[in-house]
A.B. asks: 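This structure is in structure tokens; I'll ask about it shortly.
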Amino acid sequence: MLTTSRSGLLATLIAIPLAAGVLSTAPAQAATAPAPLTCQGKSIDQAAPIHYRTETLINAPLSKIWRLQTDVERWPSWQAPVAGVKRLDPGPLRKRSQFRWTTPVPPTATTPATTLTITSTVHQIQAKKCIRWSGPAIGEGLRIDNGIHVWNFTEVKGGVLVRTEENWSGAQVEADVETSTRYLGAGLETWMKELKAAAEAHPCRP
């Protein structure tokens with residue numbers, strides 16, 4: 001599910017990956033990329049020029065981490081960049097579930113302050129194992145035609161290994177692949193950091 005590019009019109013715009021983030025410097029990715037993350041056999045768009053992957057070990061119950069990630073309407077309680085989330089269907093998150101979420105975008109020298117609206121659709125989901133969603137992100141002066149986001153959760157010694165991978169596509173962001181990739185990476189690193197902090201914050205029922 002946030003998003004930005006600094007070329008031309010998007011000079012210093014900040015947003016979230018289709019899913020969440022803030023402006024920062026993202027670490028460089030490994031020269032040799034591993035096999036793409038998948039959920040029920042489906043991955044990101046591997047042909048997309050803009051993509052990023054990261055992972056972290058979280059010392060918390062898998063059930064708690066999964067609950068934080070899939071109770072999307074509560075994202076604003078632990079993700080600072082998420083202004084609001086609305087489920088577009090009832091019940092637990094499942095295949096074909098949709099949710100719309102927003103993040104404020106500050107003004108630049110050439111664009112006014114606006115709000116980026118992201119509409120995400122779940123395509124694959126396996127309880128406590130993986131989830132894959134996609135959708136566009138649209139704001140005044142800024143558009144990502146589509147983003148595909150995959151999350152994997154694996155219990156390991158010391159906690160849960162959480163891995164995520166996302167790609168963006170669209171003329172605006174692809175006009176400056178290097179900058180867009182850096183901003184995507186920054187957003188995903190922030191999301192991971194905040195998920196880890198929320199999951200490890202205090203004891204919770206498993």
Side-chain angles (χ1 to χ4, degrees), residues 1-3 15-22 24 26-27 34-44 52-103 118-135 137 147-167 184-206:
M1 102 160 56
L2 327 108
T3 326
I16 309 187
L18 289 156
V22 295
S24 65
L37 299 179
T38 63
C39 185
Q40 297 181 324
K42 301 295 185 179
S43 67
I44 64 167
Y52 190 87
R53 174 174 173 163
T54 190
E55 64 183 49
T56 194
L57 179 66
I58 300 179
N59 183 15
L62 173 56
S63 57
K64 181 180 181 182
I65 298 167
W66 181 258
R67 193 160 55 245
L68 284 166
Q69 188 73 324
T70 58
D71 188 359
V72 298
E73 289 183 302
R74 291 185 60 82
W75 280 359
S77 70
W78 58 271
Q79 291 197 66
V82 179
V85 183
K86 180 180 180 181
R87 280 288 306 274
L88 302 182
D89 46 47
L93 209 64
R94 60 193 182 279
K95 186 174 182 178
R96 289 185 286 276
S97 285
Q98 291 187 311
F99 52 98
R100 182 168 295 129
W101 48 295
T102 58
T103 182
I118 304 150
T119 303
S120 298
T121 301
V122 176
H123 300 288
Q124 285 80 32
I125 185 169
Q126 188 172 358
K128 301 180 183 178
K129 291 186 178 296
C130 66
I131 186 168
R132 176 180 177 269
W133 63 63
S134 73
I148 302 175
H149 203 166
V150 177
W151 289 85
N152 284 183
F153 305 84
T154 306
E155 289 185 292
V156 297
K157 184 177 180 180
V160 177
L161 178 63
V162 180
R163 298 179 293 167
T164 190
E165 188 169 28
E166 182 174 2
N167 77 268
L184 170 59
L188 292 184
E189 295 293 345
T190 297
W191 193 328
M192 278 290 203
K193 180 180 179 181
E194 295 191 347
L195 178 60
K196 180 179 175 70
E200 295 180 349
H202 50 73
C204 179
R205 60 182 176 82

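Model, not experiment: these values are computed from the prediction.
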A.B. asks: Please identify each residue that fulfils side chain to side chain donor-acceptor pair (under 3.5 Å) with Glu55, with sequence neighbours left out.
C.D. replies: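 Partners of Glu55 under the side chain to side chain donor-acceptor pair (under 3.5 Å) test: none.
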
A.B. asks: Hey, is the main chain of Asn59 close enough, under 3.5 Å, to the side chain of Glu200 for a donor-acceptor pair?
C.D. replies: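 Yes.
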
A.B. asks: With a 4.5 Å heavy-atom cut-off, do Gln124 and Thr38 have their side chains touching?
C.D. replies: no

A.B. asks: Is there a side-chain contact between Ile125 and Trp133 (heavy atoms, below 4.5 Å)?
C.D. replies: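 A side-chain contact under 4.5 Å is absent here.
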
A.B. asks: Considering non-hydrogen atoms only, spot the tightest contact between Lys64 and Ala198 and give its length.
C.D. replies: NZ-O, 3.6 Å

A.B. asks: Looking at Ile58, Thr164, Ile65, which hits side-chain contact (heavy atoms from CB on, under 4.5 Å) with Phe153?
C.D. replies: Ile65

A.B. asks: Any side-chain heavy atom of Ser120 sitting closer than 4.5 Å to one from His149?
C.D. replies: no

A.B. asks: Starting at NZ of Lys129, measure out to CG of Leu62 and round the result to the nearest 0.5 Å.
C.D. replies: 8.5 Å

A.B. asks: Which pairs with one or both residues in residues 151-162 pass salt bridge (charged side-chain N to carboxylate O under 4.0 Å, His left out), sequence neighbours excluded?
C.D. replies: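 Residue pairs with at least one partner in residues 151-162: there are none.
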
A.B. asks: Do you know the tightest heavy-atom contact between Gln126 and Trp66?
C.D. replies: O-CH2, 3.4 Å

A.B. asks: CZ of Arg94: more than 12 outside heavy atoms within 6.0 angstrom?
C.D. replies: yes

A.B. asks: For a quick test of reading the model, state the closest non-hydrogen atom pair linking Pro36 to Glu165 and the distance between them.
C.D. replies: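 Smallest interatomic distance, heavy atoms only, reads CA-OE1, 3.4 Å.
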
A.B. asks: Go through the structure and list residues passing side chain to side chain donor-acceptor pair (under 3.5 Å) with Ser43, not counting sequence neighbours.
C.D. replies: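 Partners of Ser43 under the side chain to side chain donor-acceptor pair (under 3.5 Å) test: Gln46.
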
A.B. asks: For the CG atom of Leu57 and the CZ atom of Arg163, what is their distance to the nearest 0.5 Å?
C.D. replies: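 With rounding to 0.5 Å, CG (Leu57) is 12.5 Å from CZ (Arg163).
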
A.B. asks: How long is the gap from NZ on Lys193 to CG on Leu188, to the nearest 0.5 Å?
C.D. replies: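 Lys193 NZ to Leu188 CG: 14.5 Å, rounded to 0.5 Å.
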
A.B. asks: Mind jotting down which residue pairs meet the salt bridge (charged side-chain N to carboxylate O under 4.0 Å, His left out) criterion with at least one end in residues 78-92? Sequence neighbours excluded, please.
C.D. replies: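 As it turns out, the salt bridge (charged side-chain N to carboxylate O under 4.0 Å, His left out) pairs with a partner in residues 78-92, which skip direct neighbours, are Arg87-Asp89.
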
A.B. asks: Checking Asp71 now: which residues fulfil side chain to side chain donor-acceptor pair (under 3.5 Å) with it, not counting sequence neighbours?
C.D. replies: none

A.B. asks: Strictly distance-based, threshold 3.5 Å: is any side-chain N or O of Ser97 a donor or acceptor partner for the main-chain N or O of Val122?
C.D. replies: no

A.B. asks: List in chain and number order the residues that pass side chain to side chain donor-acceptor pair (under 3.5 Å) with Thr56, two or more places apart in sequence or in another chain; answer none if no residue qualifies.
C.D. replies: none

A.B. asks: Between Trp75 (side chain only) and Gln69 (backbone N and O only), is there a donor and an acceptor less than 3.5 Å apart?
C.D. replies: yes

A.B. asks: Could you measure the distance from the CG atom of Leu68 to the CD atom of Gln79? Nearest 0.5 Å is fine.
C.D. replies: 9.5 Å

A.B. asks: In Å, rounded to the nearest 0.5 Å, how long is the span from CG of Asn167 to CD1 of Ile148?
C.D. replies: 4.5 Å

A.B. asks: Do Trp78 and Leu195 have side chains that approach each other closer than 4.5 Å (heavy atoms only, starting at C-beta)?
C.D. replies: yes

A.B. asks: Of all heavy-atom pairs between Ser134 and His123, which one has the smallest distance, and what is that distance?
C.D. replies: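 Where Ser134 meets His123 most closely, the heavy atoms are OG-NE2, 2.7 Å.
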
A.B. asks: Looking at NZ of Lys95 and CD1 of Ile131, how far apart are the two atoms once the value is rounded to the nearest 0.5 Å?
C.D. replies: 13.0 Å

